[in-house]
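So that the names make sense, note that chain A is the first sequence line, chain B the second, and so on, each numbered from 1. The structure displayed is predicted, hence computed values, not measured ones.
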2 protein chains.
Amino acid sequence: MARTAAPGSRERILRSAGELFYRHGVRAVGMNQVIDAAGCGKNLLYTHFPSKDDLVTAYLRGCRRERERAGAAAAEGLPDDPATRLRALVAEIAATATAPDFRGCAFRLYLAEFPGDAGEPGRVARDYLRDTRAEIDALVARLGVTDPGRLADRIWLIVEGLYGSAGRPDAAAAAETATGLVDDLLAAER
Amino acid sequence: MARTAAPGSRERILRSAGELFYRHGVRAVGMNQVIDAAGCGKNLLYTHFPSKDDLVTAYLRGCRRERERAGAAAAEGLPDDPATRLRALVAEIAATATAPDFRGCAFRLYLAEFPGDAGEPGRVARDYLRDTRAEIDALVARLGVTDPGRLADRIWLIVEGLYGSAGRPDAAAAAETATGLVDDLLAAER
DNA sequence: AGGATAACGGACCGATCGGTCCGCCGACGA
DNA sequence: TCGTCGGCGGACCGATCGGTCCGTTATCCT
């Protein structure tokens, strides 16, 4: 044995690839571009990620982890009140969507690019959306309002709109609009 | 001269290409697939559309014409009342989004696939979104509410959400939710 | 110092991309 | 009936795709 493998290489490659995938779209980015951006050899890339699908799957899984981390951070220290948690959830998305290089929800963008994808990346993307929707449903259910289904549908619609407006000039306005509208909806139900 | 050119060929090709582009995404569809689907030769295709960009531009222009036609049909016979017109506008989008093979707004899907596209297709897509937004702004302005900007932002957000939910299981619920929410917003402003 | 090895980076593979060109067939007019 | 021309469809082009393989270099341990 002579050298020890660089431990951060996998994460470095994944970060470079993720930036490219997110900015330009998955299909638009070739493996050679990933290699150039990561500054690694083909060997190393294909050792860590045997195929592009594996790399894309890892990219989406990373996005999910990041989203969950951000969501947990936004909820931290808050009282376990469903209304407060819902407001924080939407506010966190709104804040994320206001970032200058925000181009939209990575999962929705992926599904827009690969509509019927039955592979692992598509599964990861759909799972995330399903689980996020379920999270909102659970919070709304705890509110004890008369029609939780309707309210959850409305909040979900607003979240979709928030993500949909991303990357266009309306993004900043959409963020304020979404938080304000959710606030109003919650206030009206109380 | 011996034969006269088949007059419907351009439209037939465009329709086949449009279905493929919409269903699978623009980048995922190759020119050979378009040729196979249209049942024509390469000659005819490239005579009508010298490049893929031209074909995509024509596809998006066709989508715009179709959207405008549907919007006009939905508004036809209605009183020229801004609230009624707004409700009809959202209801028309909701009805469109409920169609079984609806996958989302063609322009938003295109922009998701080609984020920074500076070419003609990107221009057509962005123009459509800008003009549709302006249409909502104009209608809301005519309502005479105290904060037209806020209401227009909210309605636009709902429209974005409606399009964003498309192609997923939530599409049908989103349609009802959007129309109901817009109704409530308009009723509250009155 | 010397040898083992991780990793860079390019040659290479078959497939497919958008796009060009042409041979052939079949329908129509003279 | 025969010549002409529109259009089908495939051969072909260079570029690029995802992916494999290997020669070289740089680095660390013995």
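A donor N or O paired with an acceptor N or O is not found under 3.5 Å between the base of C:dG19 and the side-chain atoms of B:K52. In terms of polar N and O atoms assigned as donor or acceptor, the side chain of A:K42 comes within less than 3.5 Å of the base of D:dG19 in a complementary pairing.
Counting non-hydrogen atoms under 4.0 angstrom, B:V34 reaches nothing in the nucleic acid. Using a 4.0 Å heavy-atom distance criterion, B:S51 is classed as a sugar-phosphate-only contact.
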Under the salt bridge (charged side-chain N to carboxylate O under 4.0 Å, His left out) rule, what do B:D184 and B:R154 come out as? Steps first, then yes or no, please. CA-CA 12 Å; B:D184 282 6; B:R154 289 184 167 193; over 6 Å; no
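The CE-P distance, from A:M31 to D:dA15, rounds to 23 Å in whole Å. Summarising the geometry, the separation between CZ on B:F49 and P on C:dG18 is reported as 15 Å, rounded to the nearest angstrom. Residue B:N32 contributes atom CG, which lies 13 Å from atom C1' of D:dC8 at whole-angstrom precision. Between the CZ atom of A:R27 and the P atom of C:dC17 there is a distance of 10 Å, rounded to whole Å. When rounded to the nearest whole Å, the span between CD1 of A:I35 and P of C:dA11 equals 14 Å. Rounding to whole angstrom units, OH of residue B:Y46 and P of C:dG18 are separated by 7 Å. Residue A:N43 contributes atom CG, which lies 11 Å from atom C1' of D:dG23 at whole-angstrom precision. Separating the CG atom of B:L44 from the C1' atom of D:dG10 is a distance of 16 Å, rounded to the nearest angstrom.
Put simply, the residue from B:D127, B:D131, B:T132 that forms a side-chain hydrogen bond (donor to acceptor under 3.5 Å, both in side chains) with B:R64 is B:D131.
Taking the nucleotide of DNA chain D with the nearest heavy atom to each of A:G30 and B:L45, the more 5' of the two is matched to B:L45.
The shortest side-chain heavy-atom distance between B:R85 and B:I136 does not fall under the 4.5 Å cut-off.
Within 6.0 Å of CZ on A:R130 lie more than 12 heavy atoms contributed by other residues, nucleotides or ligands.
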